[in-house]
Amino acid sequence: MSRILIVEDEVAIADIERDYLELSEYEVVTENNGQKGLERALAEDFDLVILDIMLPDVDGFEICRRLREKKEMPILMVSAKKDDIDKIRGLGLGADDYITKPFSPSELVARVKAHLARYERLAGGAGPKNSVIEIRGLKIDKTARRVFINGVEKQFTTKEFDLLTFLASNPNHVYSKEELFKEIWNMESMGDIATVTVHIKKIREKVEEDTSNPQYIETIWGVGYRFKL
Ligand code: CA
């Protein structure tokens with residue numbers, strides 16, 4: 001059973017979120033204070049965190065930033081203000097999704113389900129046997145989330161890593177930018193699929209010897225991208 005932490009100071013909202021998630025068979029823990037929420041998220045294992053932004057003691061921005069230094073689980077940020085959503089994106093805090101209040105509880109549950117499913121796939125839910133991908137000089141350690149090219153480690157952002165790992169885990173399959181955006185960003189209504197192009201470019205700069213003649217991620221003109229096996 002997946003464990004979810006809700007950090008939300010409005011008790012009525014936290015209760016509704018918890019009730020709906022429990023109906024969907026999740027184990028839910030709530031904290032109504034930012035400092036306590038942060039301590040708990042760091043001390044215990046959760047599969048997903050739902051994080052309000054305006055919180056007593058420590059706000060959601062700071063909690064997200066601190067969690068990302070140590071933890072990989074999906075973080076869904078919740079805010080009453082559209083401005084906050086822009087701020088989260090601008091700060092690059094590593095949140096996986098953003099929901100504006102008021103939202104319907106069923107929408108929240110749907111997003112939680114989608115993120116947990118995606119995280120399980122990306123985290124190598126197939127077991128330790130498949131936790132390392134090695135293709136020519138490229139080595140991806142899915143569990144440790146590290147990437148090496150000819151033995152030299154390269155630094156990847158969360159989304160770059162997710163995108164590369166997804167493509168390398170499904171070689172020879174052509175994905176459209178829309179499909180990749182949906183798979184990795186999981187926000188159909190927000191954002192821009194040009195993000196995919198930008199991330200592919202950044203990945204190529206790290207893994208390819210000659211970015212004009214890519215050996216790993218091929219561009220299939222008019223369709224999308226394919227990882228060459
Ligand atoms: Ca609040």
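Hydrogens, waters and symmetry mates play no part in the numbers below; they use all other heavy atoms, side chains included.
- K36 is linked by a side-chain hydrogen bond (donor to acceptor under 3.5 Å, both in side chains) to nothing, counting only residues two or more places apart in sequence or in another chain.
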- Message: Is there a side chain to side chain contact (heavy atoms under 4.5 Å, CB included) between F148 and L138? Walk through the geometry before answering.
- Response: CA-CA 6 Å; F148 301 86; L138 172 68; over 6 Å; no
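- In terms of modelled atom types and a separation under 3.5 Å, the side chain of N32 and the main chain of V11 share no donor-acceptor contact.
- Checked by atom type and distance alone, the side chain of D59 pairs as donor or acceptor with a backbone atom of E62 at under 3.5 Å.
- Here I200 contributes atom CD1 and T195 contributes atom OG1; the two are 11.5 Å apart, rounded to the nearest 0.5 Å.
- No chain of hydrophobic side-chain contacts below 4.5 Å, direct or via other Ile, Leu, Val, Met, Phe, Trp or Tyr residues, connects L76 to V29.
- Transitive grouping of hydrophobic side chains (ILVMFWY, heavy atoms separated by less than 4.5 Å) keeps I184 and V198 in distinct clusters.
- Side-chain contact between K139 and I133 is absent, with no heavy atoms from C-beta onward closer than 4.5 Å.
- No single ILVMFWY cluster, assembled from side-chain heavy atoms under 4.5 Å apart, contains both L180 and V174.
- Between D97 and R118 no salt bridge is recorded (no basic side-chain N to carboxylate O distance below 4.0 Å).
- In this structure, W185 and V196 have side chains that are in contact, with non-hydrogen atoms separated by less than 4.5 Å.
- Looking at residues two or more places apart in sequence or on another chain, you find a side chain to side chain contact (heavy atoms under 4.5 Å, CB included) between T30 and I6, A14, R18, V28.
- Counting only heavy atoms from C-beta outward, the side chains of K201 and T197 never approach each other to under 4.5 Å.
- The shortest heavy-atom contact between P214 and T211 is CD-O, 3.6 Å.
- The backbone N or O of I63 lies less than 3.5 Å from no partner atom in the side chain of R68, so there is not a single donor-acceptor pair.
- Here the NE2-CD1 distance, from H199 to I217, works out to 12.0 Å after rounding to the nearest 0.5 Å.
- Between the CZ atom in R66 and the CD atom in E39 there is a gap of 9.0 Å [rounded to 0.5 Å].
- Follow the hydrophobic side-chain contacts under 4.5 Å out from L108 and you reach Y20 in the same cluster.
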- Task: Might you work through the salt bridge (charged side-chain N to carboxylate O under 4.0 Å, His left out) test for R145 and D162, ending with a clear yes or no?
- Result: CA-CA 9 Å; R145 296 182 67 88; D162 289 347; 2.8 Å; yes
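- The two residues G37 and V7 come nearest to each other via the heavy atoms CA-CG2, 4.0 Å.
- A salt bridge links R111 with E107; the closest basic N to acidic carboxylate O contact falls under 4.0 Å.
- Shortest non-hydrogen contact noted between F227 and I135 is CE2-CD1, 3.3 Å.
- Every residue two or more places apart in sequence or in another chain was checked for a side-chain hydrogen bond (donor to acceptor under 3.5 Å, both in side chains) with E134, and none qualifies.
- Listed by first and then second residue, the side chain to side chain donor-acceptor pair (under 3.5 Å) pairs involving residues 220-229 are E218-R226 (not counting sequence neighbours).
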Using atom types as modelled, flag every donor-acceptor pair under 3.5 Å from a side chain in residues 44-57 to any protein atom, sequence neighbours excluded.
{"unit_1": "E44", "atom_1": "OE1", "unit_2": "R3", "atom_2": "NH1", "d": "3.2"}
{"unit_1": "E44", "atom_1": "OE1", "unit_2": "R3", "atom_2": "NH2", "d": "3.1"}
{"unit_1": "E44", "atom_1": "OE2", "unit_2": "R40", "atom_2": "NE", "d": "3.0"}
{"unit_1": "D47", "atom_1": "OD2", "unit_2": "R3", "atom_2": "N", "d": "2.7"}
{"unit_1": "D52", "atom_1": "OD1", "unit_2": "K101", "atom_2": "NZ", "d": "3.2"}
{"unit_1": "D57", "atom_1": "OD2", "unit_2": "N33", "atom_2": "ND2", "d": "2.7"}

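- In this structure, CD1 on I4 lies 8.5 Å from OG on S24, to the nearest 0.5 angstrom.
- Among residues two or more places apart in sequence or in another chain, the salt bridge (charged side-chain N to carboxylate O under 4.0 Å, His left out) test is passed with E179 by none.
- Applying the side-chain hydrogen bond (donor to acceptor under 3.5 Å, both in side chains) rule to T219 yields the partners R204; only residues at least two apart in sequence or on another chain are considered.
- With a 4.5 Å cut-off on side-chain heavy atoms, L42 and K70 count as touching.
- Annotation: the span from L116 atom CG to M73 atom CE amounts to 11.0 Å, rounded to 0.5 Å.
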- Message: Pair L164, I140 - check side chain to side chain contact (heavy atoms under 4.5 Å, CB included), show working.
- Response: CA-CA 9 Å; L164 174 65; I140 303 170; 3.9 Å; yes
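- Tracing side-chain contacts under 4.5 Å through hydrophobic residues (I, L, V, M, F, W, Y), one never reaches Y119 starting from L21; they form parts of separate clusters.
- The side-chain hydrogen bond (donor to acceptor under 3.5 Å, both in side chains) search around E208 returns none, not counting sequence neighbours.
- Counting heavy atoms from C-beta outward, K206 and E160 have side chains that approach closer than 4.5 Å.
- In terms of the side chain to side chain contact (heavy atoms under 4.5 Å, CB included) criterion, residue partners of A41 (sequence neighbours excluded) are, by chain and number, L5, L67.
- Taking 4.5 Å as the limit, every side-chain heavy atom of E25 sits out of range of all side-chain heavy atoms of S2.
- In this structure a side-chain-to-backbone donor-acceptor pair under 3.5 Å is missing from E10 to E8.
- Sorted by first then second residue, the ring pair (Phe, Tyr, Trp, His ring centres under 6.0 Å) pairs that include residues 150-172, not counting sequence neighbours, are F166-Y175.
- When every heavy atom of D96 is checked against every heavy atom of P74, the shortest pair comes out as OD1-CA, 3.2 Å.
- In terms of the salt bridge (charged side-chain N to carboxylate O under 4.0 Å, His left out) criterion, residue partners of R146 (sequence neighbours excluded) are, by chain and number, E153.
- Evaluation of the salt bridge (charged side-chain N to carboxylate O under 4.0 Å, His left out) rule for E209 yields no partner, not counting sequence neighbours.
- The distance from the CG atom of L163 to the OG1 atom of T165 is 8.5 Å, given to the nearest 0.5 Å.
- Residue Y216 comes nearest to G137 through the heavy atom pair OH-N, 3.3 Å, listed as atom of the first residue, atom of the second, then distance.
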